[in-house]
**Q** 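My questions all concern the structure below.
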Amino acid sequence: MAHRTIHWFRKGLRIHDNPALLAGLDGSKEFRPIFILDPHFVSSGLVGANRWRFLLESLQDLDNSFKTLGSRLYVLQGTPLDVLPRIFKEWNITRLTFEMDTEPYARQRDEAVCQLAAEHGVEVIQRVSHTLFVTSSVIRNNGGKPPLTYQRLQTVLSKMGAPAKPRDPPTKEAIHKCAVPIEADHGAKYGVPTLEQLGVKPIQEESLYPGGETEALRRMGEYLERKDWVCKFEKPKTQPNSLEPSTTVLSPYLKFGCLSPRTFYYGIQDVYREKKNYTKPPVSLEGQLLWREFFYTAAAGTPNFHQMVDNPVCLQLPWDNNTEFLEAWKYGRTGYPFIDAIMTQLRQEGWIHHLARHAVACFLTRGDLWISWEEGEKVFEELLLDADYSLNAGNWMWLSASAFFHQYFRVYSPIVFGKKTDPTGQYIKKYLPVLKKMPIQYIYEPWNAPRSVQEKAGCIIGQDYPRPIVDHAQVSKRNIGRMKEARACQANAKSDNKRPTEESQTTKTKSAKKSKKMK
DNA sequence: TTAACTGTTGGAAAC
DNA sequence: TGTTTCCAACAGTTA
């Protein structure tokens with residue numbers, strides 16, 4: 001039987017290595033690729049202008065690809081649960097294909113969609129291609145629990161063999177034989193909307209990192225050509241504050257699935273095969289893809305991964321509520337130029353280096369402001385082009401020493417850390433032009449500049465640029481103490497919970513004595 | 001010539 | 001994928 005199929009793009013905005021798309025084309029007499037855009041989502045403020053633009057550019061690129069293959073992308077406006085039943089009927093659909101998504105929101109949505117499809121007699125095909133491995137298989141191979149250390153993940157993966165090889169994009173013939181003829185008013189009815197049409201005001205005039213599969217593959221190719229660089233890549237040695245990115249900036253493309261992780265993975269393997277020596281995970285380029293896999297697997301196997309409460313892997317901490325501090329951090333007004341420059345780059349460009357994320361995340365949470373990592377998670381979710389449920393939550397827990405990472409006394413200094421790779425503060429001057437004339441010996445701590453120096457630099461601290469909102473030396477010390485206390489408290493609670501079962505033979509008074517001793 | 005002093009470096013430990 | 005402090009070792013300087 002020949003199908004009338006729609007392939008539903010959500011992530012996976014690409015035609016290369018797209019097994020669900022290929023499955024949709026197979027055995028179809030009618031085929032339409034769709035994307036569902038919910039305009040109500042625009043006003044939610046959850047997605048910043050830069051990422052909206054990235055998405056629209058990616059859709060435009062997808063539409064162009066289908067054009068050359070003899071079809072078009074159908075962009076439909078509304079919610080999936082409204083749009084899908086309508087087009088099931090209108091187009092007489094018999095089959096729906098899409099890429100598997102492990103995020104809780106997506107799972108819930110897809111479950112409802114599967115039910116809807118069943119009601120309409122529509123067959124559903126899902127394929128995994130957003131991660132290197134099938135997260136549920138990794139979890140199964142680890143005894144039903146997600147690996148919670150990188151080492152453990154590597155052990156489990158070593159038993160699972162290599163990731164599946166990427167699939168070729170569909171041929172023109174494969175599409176041609178089932179593409180529905182495009183109507184003259186396709187653009188008006190199903191075209192990709194512009195930013196203006198969505199009512200989104202751009203932050204930058206042009207995209208520093210344009211969205212789309214074409215740009216993703218170009219960018220990947222550009223970096224893979226630098227074979228020495230690929231083989232010598234060590235993430236901790238790359239710079240958080242270089243004027244141009246010191247890493248690939250492929251993360252937004254992986255987030256939206258403009259680039260297949262498997263295509264990138266095998267691209268890296270090809271380079272390694274040519275050279276004798278190359279770096280190894282976790283610091284290598286391949287290792288970065290495995291970090292992504294690590295957090296995807298952890299998130300897929302942990303309830304409430306994006307929040308502290310009812311999240312079994314997350315340390316429970318008594319964070320402060322402090323709107324004033326949070327706003328200062330969010331808008332780059334902490335008075336620490338290194339922190340403020342990073343937050344400015346994030347807002348303007350939608351991408352900051354991994355270690356820059358470390359610096360500002362540590363500052364917001366356990367280092368300085370003692371504000372919940374969930375607040376930072378929300379800000380990153382809005383502003384990052386590569387904002388990704390699993391990686392965002394996982395890394396925020398890591399940096400706040402709430403999960404995965406526990407050496408809470410390792411605190412980044414908002415003054416010292418940036419100096420190592422940018423002693424003259426070029427990065428700060430680029431993003432905070434108000435400090436352009438500040439002499440380099442004061443650029444990381446301008447409040448120490450004598451009044452005459454501030455005047456000469458045209459930047460009075462407390463007037464043209466804020467005074468530091470906290471004294472790092474003071475608050476970081478206090479926060480380490482709070483962290484120590486919270487961890488001791490939790491350790492006690494844990495052993496108290498365990499005791500009755502462990503010592504079921506002994507009397508209650510004995511265990512009470514013991515718990516007193518421990519304090 | 002050398003003991004005493006100063007400053008730098010690097011490694012370990014503490015936070 | 002931290003930073004600071006402390007101390008020993010060492011080199012250079014001084015009286």
Side-chain angles (χ1 to χ4, degrees), chain A residues 148-154 229 232-242 245-249 251 278-295 298 315 317 334 336-339 342 345-346 351-370 373 376 380 384 386 391-423 425 427 444-445 448 468 470-491:
Chain A
L148 293 180
T149 65
Y150 194 85
Q151 181 80 53
R152 184 76 210 142
L153 177 79
Q154 282 185 294
W229 183 84
K232 287 180 180 150
F233 185 92
E234 288 181 66
K235 187 64 168 278
K237 288 188 183 167
T238 57
Q239 296 189 17
N241 49 6
S242 47
S246 61
T247 49
T248 64
V249 197
S251 53
Y278 50 88
T279 51
K280 297 279 151 60
V283 297
S284 64
L285 204 52
E286 177 195 0
Q288 304 315 299
L289 275 174
L290 296 183
W291 276 115
R292 178 174 181 272
E293 212 68 13
F294 175 76
F295 286 120
L315 181 66
L317 289 163
T334 67
Y336 286 94
F338 182 56
I339 300 297
I342 294 169
Q345 184 188 16
L346 170 63
W351 182 88
I352 50 177
H353 185 275
H354 185 64
L355 290 177
R357 300 180 197 201
H358 278 213
V360 296
C362 185
F363 189 88
L364 178 73
T365 58
R366 66 188 169 87
D368 294 79
L369 303 185
W370 197 257
W373 60 269
F380 275 22
L384 278 172
D386 60 35
L391 278 59
N392 196 20
N395 279 303
W396 271 102
M397 282 189 271
W398 183 293
L399 256 300
S400 60
S402 299
F404 309 114
F405 174 83
H406 305 287
Q407 282 156 309
Y408 56 87
F409 40 80
R410 290 191 187 171
V411 178
Y412 289 91
S413 162
I415 299 155
V416 171
F417 185 63
K419 280 187 190 171
K420 281 190 284 190
T421 47
D422 179 24
Y427 174 83
Y444 281 87
E445 33 198 338
N448 283 338
V470 289
D471 177 342
H472 171 74
Q474 233 172 58
V475 294
S476 62
K477 224 179 194 175
R478 185 195 54 171
N479 290 347
I480 288 172
R482 292 213 255 196
M483 202 57 125
K484 200 173 179 178
E485 197 181 347
R487 299 182 95 84
C489 227
Q490 199 200 249

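Sequence lines set the chain letters: A, B, ... in the order given, protein chains first and strands last, and positions in each chain run from 1.
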**Q** In this structure, how many angstroms lie between the P atom of C:dG2 and the CZ atom of A:Phe405, rounded?
**A**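 Atom CZ in A:Phe405 sits about 7 Å away from atom P in C:dG2.
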
**Q** Measure from CD1 on A:Ile339 to C1' on C:dG2 and round the result to the nearest Å.
**A** 13 Å

**Q** When the ring planes of A:Trp398 and A:Phe404 are compared, do they come out parallel, tilted or perpendicular, using 30° and 60° as the limits?
**A**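 Judged by the thresholds at 30° and 60°, the geometry between A:Trp398 and A:Phe404 is parallel.
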
**Q** Whole angstrom is fine here: how far is it from OH in A:Tyr444 over to P in C:dT3?
**A**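 One finds 12 Å between P of C:dT3 and OH of A:Tyr444, rounded.
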
**Q** So, A:Glu286 versus A:Tyr278: side-chain donor-acceptor pair below 3.5 Å or not?
**A**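 No, because no side-chain N or O of A:Glu286 sits under 3.5 Å from a partner of the opposite role on A:Tyr278.
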
**Q** Rounded to the nearest angstrom, tell me the gap between atom NZ in A:Lys477 and atom C1' in C:dG2.
**A**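 Whole-Å distance recorded here is 16 Å.
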
**Q** Can you tell me how far P of C:dT3 sits from CG of A:Leu355, to the nearest Å?
**A** 10 Å

**Q** As a test of reading the structure: which of B:dC15, C:dT1, C:dT3 is closest to the side chain of A:His358, going by heavy atoms?
**A**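 Nearest to the side-chain atoms of A:His358, counting from C-beta on, is C:dT1.
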
**Q** Which base, if any, makes a Watson-Crick or G-U wobble pair with C:dC6, both distances under 3.5 Å?
**A** B:dG11

**Q** Side-chain contact, heavy-atom cut-off 4.5 Å: A:Asn479 with A:Tyr408?
**A** no

**Q** In whole Å, I'd like the distance from the OH atom of A:Tyr412 to the C1' atom of C:dT3.
**A** 11 Å

**Q** If you check every side-chain atom of A:Phe409, which of B:dC15, C:dT3, C:dT1 has the closest atom?
**A**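 Of B:dC15, C:dT3, C:dT1, B:dC15 is nearest to the side chain of A:Phe409.
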
**Q** Output yes when at least one side-chain N/O atom of A:Lys420 is less than 4.0 Å from OP1 or OP2 of C:dT3, else no.
**A** yes

**Q** Side-chain contact test, heavy atoms from C-beta onward, threshold under 4.5 Å: evaluate it for A:His406 versus A:Arg487 and give yes or no.
**A** yes

**Q** Rounded off to whole Å, could you give me the NE2-to-P distance for the A:His354 and C:dG2 pair?
**A** 11 Å

**Q** Send over the distance from A:His472 NE2 to C:dG2 P, rounded to a whole Å.
**A** 13 Å

